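Each chain gets a letter, A, B and so on, in the order the sequences are listed, and its residues count up from 1. Here the structure is a predicted model, which is why all the values come from computation and not from measurement.
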2 protein chains.
Amino acid sequence: MQTSLSIAEKLRISGLRPTRQRVALAKLLFSEGDRHICAESLHADALAQKVPVSLATVYNTLNQFKFAGLLREVAIEGDRSYYDTNTSNHFHFYNEDEGRLTDIAPGDLVISGLPKVPAGKTIDRIDVIVRLKKIL
Amino acid sequence: MQTSLSIAEKLRISGLRPTRQRVALAKLLFSEGDRHICAESLHADALAQKVPVSLATVYNTLNQFKFAGLLREVAIEGDRSYYDTNTSNHFHFYNEDEGRLTDIAPGDLVISGLPKVPAGKTIDRIDVIVRLKKIL
DNA sequence: TTACATGCAAACTGTTTGCAAATAT
DNA sequence: ATATTTGCAAACAGTTTGCATGTAA
């Protein structure tokens, strides 16, 4: 049985000092199920919870968390970066009308017939985005 | 048997006046097989071919072509927009080390088990990106 | 002739960075 | 005590836009 680590410990293990801001952001991100957020929305969340953090620190923290493997970035469109707290292999719905990202349950969508990869390369990961629009 | 349209005609049908710039850009884009480009690289191409076009017009033209269904945008990462001249349903390799996009041959990768789509929504399209990295 | 397209520069958006002040170890 | 982190504002990259000029119909 595996003891779950405190947030501070998780950060320390990733080589990140558990500062007030990082711990608060990590709590917001990892406390309640999977989340799909962008920098602005996380910043707004933090301020709403009376956690004063600058937007620059939110950006830096998201990058550090991504680099540490605590978050995964999801490319949706050019203008905003989204991050997913679920770093395991899974795919996404993107609701184009509302700009919202949701998970596809693992197994609900399966990829088969992997193409031959060019010599000297490996697959880093496979991103699948099922883009949804309103029926008119 | 289907007569292939001149570039000017294709543009006119899409509701776009075949101006010097648009025709030149369309030629660069559609004359020789499928291409994956971004605004800067198309602009550079145009200048190299002695076609003076402003970068703003390249951006505007790419958007118009996309809107007209002549191009498809491919979301790769936050910082740059890529466009694909192949608008049919197909998937992509993304070479993370070189920042290059290539097609996966149709049939080489297959998706199965489409998940139930939320009520009132349809699938607009499915994007698949197989991200490649160098073997270390 | 008239509506639309272009080019330039300025505006804008999301993101990163430099540096002094604050904080973790 | 020392190295790291924060916050702010300024810098930055990619993209869009306003407006005077040029061009297609």
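His43(B) places its NE2 atom 15 Å from the C1' atom of dT16(D), with the value rounded to the nearest Å. Rounded to a whole Å, the OH atom of Tyr82(B) is 15 Å from the C1' atom of dT15(D). The nearest whole Å value for the distance from the CG atom in Asp79(B) to the C1' atom in dT17(C) is 17 Å. In this structure, Leu25(B) atom CG and dA5(C) atom C1' are separated by 13 Å, rounded to whole Å. Note: CZ (Arg80(B)) to P (dT15(D)) measures 7 Å, nearest angstrom. Rounded to a whole Å, the CG atom of Leu55(A) is 9 Å from the C1' atom of dT15(C). Taking atom CG of residue Leu47(A) and atom P of nucleotide dG7(D), one finds them 10 Å apart after rounding to whole Å. In this structure, the CZ atom of Arg22(B) is 19 Å from the P atom of dG22(D), given to the nearest Å.
Near DNA chain D, meaning a heavy atom under 4.0 Å from it, residues 11-20 of chain A has Arg17(A), Thr19(A) in order of number. Looking at residues 60-68 of chain A, you'll see Asn60(A), Asn63(A) sit with a heavy atom under 4.0 Å from some atom of DNA chain C.
Side-chain contact check for Arg22(B) versus Gln64(B): some heavy-atom pair is nearer than 4.5 Å. The shortest distance between side-chain heavy atoms of Ile7(A) and Pro18(A) does not fall below 4.5 Å. Side-chain contact between Phe65(B) and Leu11(B) is present, with at least one heavy-atom pair separated by less than 4.5 Å.
In the set dG7(D), dT17(C), dT15(D), dT15(D) carries the atom at the smallest distance from any side-chain atom of Tyr59(B). Closest to the side chain of Ala39(A), from the set dT15(C), dC8(C), dC8(D), is dT15(C).
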Yes or no on salt bridge (Lys or Arg N to Asp or Glu O under 4.0 Å) for Lys133(A) and Glu96(A), after CA distance, side-chain angles and deciding distance?
CA-CA 6 Å; Lys133(A) 65 175 174 192; Glu96(A) 296 179 328; over 6 Å; no
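For Lys121(B) and Phe93(A), the positive end is not near the middle of the six-membered ring at less than 6.0 Å and at most 45° from its axis.
Asp97(A) has no carboxylate O lying under 4.0 Å from a charged side-chain N of Arg131(A), or vice versa, which leaves the two without a salt bridge. Between Arg35(B) and Asp103(B) no salt bridge is recorded (no basic side-chain N to carboxylate O distance below 4.0 Å).
Each of Arg100(B), His36(B), Glu77(B) was evaluated against Tyr94(B); a single residue qualifies, Glu77(B), per the side chain to side chain donor-acceptor pair (under 3.5 Å) test.
The closest side-chain donor-acceptor pair between Asp84(B) and His90(B) falls under 3.5 angstrom.
Between Gln21(B) and the phosphate of dG7(C), there is a side-chain N or O to OP1/OP2 separation shorter than 4.0 Å.
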